[in-house]
Structure formats: C-alpha cells, structure tokens
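Here is the structure we will look at, set down as structure tokens.
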Amino acid sequence: MIECSDLAGKVVRSVTLFEDGRYGPEIIIDFEDGSSFNACLGVKMTLEAKWTRDEGGQPQVLKDYTTPAIPS
C-alpha cells in the first residue's frame with residue numbers, strides 16, 4: 001500500500017486514465033495549484049533462486065541468488 005496523504009484536500013482539475021501508458025495502465029490527476037499526480041501499474045519479472053537447507057522446520061536460506069526486478 002502507498003499512502004499519498006500530501007494529496008488530501010487538493011482541488012482536482014482533471015483526471016486522465018490511460019490503458020496503455022508509458023509503462024502500462026496509468027492515471028494522471030492534475031490539480032488546480034499546477035501540480036499533478038501520476039500512478040502507473042507496472043509488472044516486473046524476477047528470477048528467484050535460493051539455496052536452502054531444510055532441517056525439519058523453516059528452511060534455512062544458505063544463499064539467495066534472486067535477481068533484481070527486470071522491467072517487462
């Protein structure tokens with residue numbers, strides 16, 4: 001969850017929804033004070049790889065080889 005409390009009380013001038021924005025679905029809210037809020041739904045792929053040891057409880061991670069997120 002991302003809370004955007006700085007936006008509370010602002011007067012909205014326009015709201016634009018894009019199905020196919022720069023990085024995916026996007027919403028832009030323009031405010032009367034000249035500022036704007038932009039939110040984009042992005043999907044990222046990751047490759048997760050871990051070396052573990054299971055000794056009858058929670059597996060112990062010996063090494064995490066997981067790569068950082070790759071933009072799709």
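For reference, positions follow the sequence shown, starting with 1.
The hydrophobic clustering, which links ILVMFWY residues whose side-chain heavy atoms are closer than 4.5 Å, places Phe18 and Ile27 apart. Taken together through direct or relayed side-chain contacts under 4.5 Å among Ile, Leu, Val, Met, Phe, Trp and Tyr, Val11 and Ile29 form parts of separate hydrophobic clusters. Criterion: ILVMFWY side-chain heavy atoms under 4.5 Å apart, direct or through other members. Under it, Leu17 and Leu7 are part of a common hydrophobic cluster.
The minimum heavy-atom distance between Ala49 and Asp64, with the atom names listed, is O-OD1, 3.5 Å. Nearest approach of Asn38 to Cys40, heavy atoms of both residues: OD1-N, 4.2 Å.
Between atom OG1 of residue Thr52 and atom NZ of residue Lys63 there is a gap of 14.5 Å, rounded to the nearest 0.5 Å. Interatomic distance, CD of Glu48 versus NZ of Lys50, reported as 6.0 Å (0.5 Å rounding).
When the shell of 6.0 Å around CD of Glu32 is examined, it contains more than 12 heavy atoms from other residues, nucleotides or ligands.
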- Query: What's the verdict on side chain to side chain contact (heavy atoms under 4.5 Å, CB included) for Phe37 and Asp6, showing C-alpha distance, side-chain angles and the deciding distance?
  - Reply: CA-CA 10 Å; Phe37 176 77; Asp6 298 322; over 6 Å; no
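Here the side chains of Phe31 and Val12 are in contact, with some heavy-atom distance below 4.5 Å.
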